[in-house]
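In what follows, a single structure is set out as structure tokens and then discussed.
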Amino acid sequence: MDIHEYQAKEILTGYGVRIAEGGVAHSPEEAVQRSREISSKVWVVKAQIHSGARGKAGGIRLCKTHDEVEAAAQDMLGKIMVTRQTGPAGKVCSRVYVEAATDIAREIYFCILVDRSTERIVMIGSSQGGMEIEELVETHPDVIKKIYVEPAVGLQEFQAREMAFALDIDDSLLNQAIKTIKGCYRALRDLDANMLEINPLVVSNNGELIALDAKMNFDTNALFRRHKIFELRDNSQIDPREVAAADHDLSYIGLDGDIGCMINGAGLAMATMDMIKLAGGEPANFLDVGGGASAERTEKAFRLVLADKGVKAMLVNIFAGINRCDWIAEGVVSAVRNIDMKIPLIVRLSGTNVEAGRKIIADSGLPIIMAETLADAAEKAVKARNAVVAAESNMAERRRGE
């Protein structure tokens with residue numbers, strides 16, 4: 001789960017990290033009021049969306065008057081902002097952060113995250129921070145410093161010092177840098193965060209180390225014990241289908257294709273999407289219904305997939321272990337009848353009571369396409385999708401001819 005910049009900064013201040021004076025606003029008038037409360041003659045107005053690269057999209061504006069603050073907020077609020085990280089759909093900006101401008105002497109990059117490949121926490125830093133850190137990794141990987149932390153031991157003082165030296169911190173700021181690094185580690189550890197990034201971490205002209213931007217991502221599986229963090233979730237920044245799925249305890253990720261998928265098990269879901277692409281199609285989603293695919297749960301999953309109006313065909317691929325194929329089949333039949341599906345449905349069942357499940361579907365009288373193997377299911381799904389697209393194209397041609 002991601003949170004906004006201003007929320008991450010509020011968290012970090014509790015762990016000893018310095019930030020510039022600022023406040024959040026939901027209207028242009030409120031933005032002006034925030035600027036009046038900040039003891040500065042120059043302000044920065046920042047769009048609060050779950051994305052980086054906001055500056056290039058016009059989401060960060062330097063303002064020298066209150067009128068400019070109001071105009072900047074007016075331009076951002078309620079608008080959909082498109083960055084290289086949001087994709088073409090963009091993210092709607094429903095709030096802005098007004099912050100005192102900082103005289104920057106130099107910019108630094110600092111990040112701390114969970115590295116699953118090594119089962120450790122890794123600190124990543126560079127004395128050259130800023131907006132183009134991604135390009136820096138590609139062009140000058142030698143300026144990137146990585147330090148691995150054993151979770152059972154925790155961050156040691158010498159490791160924080162080593163990172164501070166790698167960031168080329170002046171001796172006068174060394175203690176503050178160590179405090180900042182250790183504070184970031186504690187925030188990540190204490191709050192079950194997956195990632196904490198400060199880009200840029202700046203040295204100001206008056207000799208302060210300030211987190212000018214902050215991004216945090218949290219482990220969704222741990223939110224049940226982090227109620228205050230969960231309350232920071234902004235559903236306007238999340239695909240509404242993913243929000244609906246989470247409300248029903250389903251794992252859903254929207255994709256750009258047009259073949260809807262309902263699968264139990266993340267590994268099987270990944271394999272199914274790979275087979276769809278191998279057969280020449282594109283999956284519209286990743287949907288893992290898990291092990292308890294009851295009739296009610298199956299219908300909810302169907303409705304979730306079909307909420308995407310771009311779906312041309314739907315593939316159900318279930319391997320029943322704890323579950324049973326006959327239960328799944330009953331859920332599929334019930335869902336199709338209740339929803340009145342208009343697109344082709346391909347079903348592949350395997351595992352416990354598979355024959356009974358296939359018989360239920362065959363006896364239903366519904367136009368459900370059965371498949372024996374995963375490859376067969378993917379091929380039939382792509383074929384059905386192509387038939388729907390061809391029929392829609394022919395219909396459009398006839399309408400133009402009329």
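Side chain of Lys9 to main chain of Leu212: a donor-acceptor pair is present (N/O by atom type, distance under 3.5 Å, no hydrogens or angles). Looking only at distances, no side-chain donor or acceptor of Asn353 sits under 3.5 Å from a matching main-chain atom of Asp326. Under a 3.5 Å cut-off, the side chain of Arg54 and the backbone N or O of Ala47 do form a donor-acceptor pair. Between the side chain of Ser40 and the main chain of Trp43, no donor-acceptor pair closer than 3.5 Å is present. Using modelled atom types, one side-chain atom of Ser364 and one backbone atom of Ile361 make a donor-acceptor pair closer than 3.5 Å. In this structure a side-chain-to-backbone donor-acceptor pair under 3.5 Å is missing from Gln74 to Pro28. No donor-acceptor distance shorter than 3.5 angstrom exists from the side chain of Arg348 to the backbone of Leu315, with no hydrogens or angles considered. For the pair Asn285 (side chain) and Cys261 (backbone), a donor-acceptor distance under 3.5 Å is present. Listed for the Ser334 side chain is no donor-acceptor partner under 3.5 Å among the backbone atoms of Glu330. Of the possible polar contacts, one joining the Glu30 side chain to the His26 backbone as a donor-acceptor pair under 3.5 Å is found.
Residues Met1 and Ile3 come closest through the heavy atom pair CE-CG2, 3.8 Å. Residues Arg116 and Asn194 approach most closely at NH2-OD1, 3.7 Å, considering heavy atoms. When all heavy atoms are compared, the tightest approach of Glu21 to Ile38 is OE2-CA, 3.6 Å. In terms of heavy-atom proximity, Cys325 sits nearest to Leu349 at SG-CB, 4.0 Å. The two atoms that bring Ala177 and Ala164 nearest to each other are CB-CB, 4.1 Å, heavy atoms only. Val69 and Cys63 make their closest contact through CG2-CB, 3.7 Å (heavy atoms, listed as atom of the first residue, atom of the second, distance).
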Run the salt bridge (Lys or Arg N to Asp or Glu O under 4.0 Å) check on Glu392 and Lys312 step by step: do they pass?
CA-CA 10 Å; Glu392 290 179 349; Lys312 307 298 183 185; 3.0 Å; yes

Between Leu306 and Ile339, is the side-chain contact (heavy atoms from CB on, under 4.5 Å) condition met? List the steps.
CA-CA 9 Å; Leu306 297 176; Ile339 296 172; 3.8 Å; yes

Full working for side-chain contact (heavy atoms from CB on, under 4.5 Å) between Met163 and Met123
CA-CA 8 Å; Met163 177 56 74; Met123 293 192 298; 3.8 Å; yes

As a quick check of understanding, evaluate salt bridge (Lys or Arg N to Asp or Glu O under 4.0 Å) for Arg120 and Asp115, giving each step before the final call.
CA-CA 5 Å; Arg120 288 178 172 85; Asp115 183 1; over 6 Å; no

Test salt bridge (Lys or Arg N to Asp or Glu O under 4.0 Å) on Glu379 and Lys383 and set out the steps.
CA-CA 6 Å; Glu379 290 173 1; Lys383 183 179 179 181; over 6 Å; no

For the pair Glu231 and Lys228, evaluate salt bridge (Lys or Arg N to Asp or Glu O under 4.0 Å) and give the outcome as yes or no after the intermediate values.
CA-CA 5 Å; Glu231 290 172 359; Lys228 291 184 178 180; over 6 Å; no

Give the intermediate values and the outcome of side-chain contact (heavy atoms from CB on, under 4.5 Å) for residues Val388 and Ile343.
CA-CA 8 Å; Val388 171; Ile343 62 173; 5.6 Å; no

With side-chain contact (heavy atoms from CB on, under 4.5 Å) as the criterion, how do Thr272 and Ile276 come out once you've worked through the C-alpha distance, each side chain's angles and the decisive distance to 0.1 Å?
CA-CA 6 Å; Thr272 302; Ile276 289 173; 4.2 Å; yes

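A salt bridge links Lys145 to Glu162: at least one charged side-chain nitrogen sits closer than 4.0 Å to a carboxylate oxygen. Between Lys46 and Asp213 no salt bridge is recorded (no basic side-chain N to carboxylate O distance below 4.0 Å).
One distance of note links CG of Leu304 with OH of Tyr252; it measures 5.5 Å at 0.5 Å rounding. Note that CG of Leu174 is 10.5 Å distant from CD of Gln176, once rounded to the nearest 0.5 Å. Distance check: Ile259 CD1 to Lys277 NZ gives 10.0 Å after rounding to the nearest 0.5 Å. Note that CD of Glu208 and CD1 of Ile210 are 4.5 Å apart. Values are rounded to the nearest 0.5 Å. For the atom pair OG1 of Thr180 and CG of Leu201, the computed distance is 6.5 Å after rounding to the nearest 0.5 Å. For the atom pair Gln159 CD and Glu157 CD, the distance stands at 10.5 Å (nearest 0.5 Å).
Judged purely by distance below 3.5 Å, without hydrogens or angles, the side chains of Tyr6 and Glu99 never pair a donor atom with an acceptor atom. Between the side chains of Glu5 and Gln48, a donor-acceptor pair is found at a separation under 3.5 Å. Defined by atom type and a distance below 3.5 Å, a donor-acceptor pair is missing between the side-chain atoms of Ser204 and Asp103. Between Thr65 and Asp67, the side chains place no donor N or O within less than 3.5 Å of an acceptor N or O (distance only, hydrogens not considered).
Tested against Gln7, the residues Leu232, Asp234, Val24, Ile229 include a single side chain to side chain contact (heavy atoms under 4.5 Å, CB included) partner, Leu232.
Enclosure of atom CG in Asn338 by more than 12 non-hydrogen atoms of other residues, nucleotides or ligands within 6.0 angstrom is indicated. More than 12 heavy atoms of other shown residues, nucleotides or ligands fall within 6.0 angstrom of atom NZ in Lys79.
The aromatic rings of His50 and His4 sit tilted relative to each other, their planes meeting at an angle between 30° and 60°.
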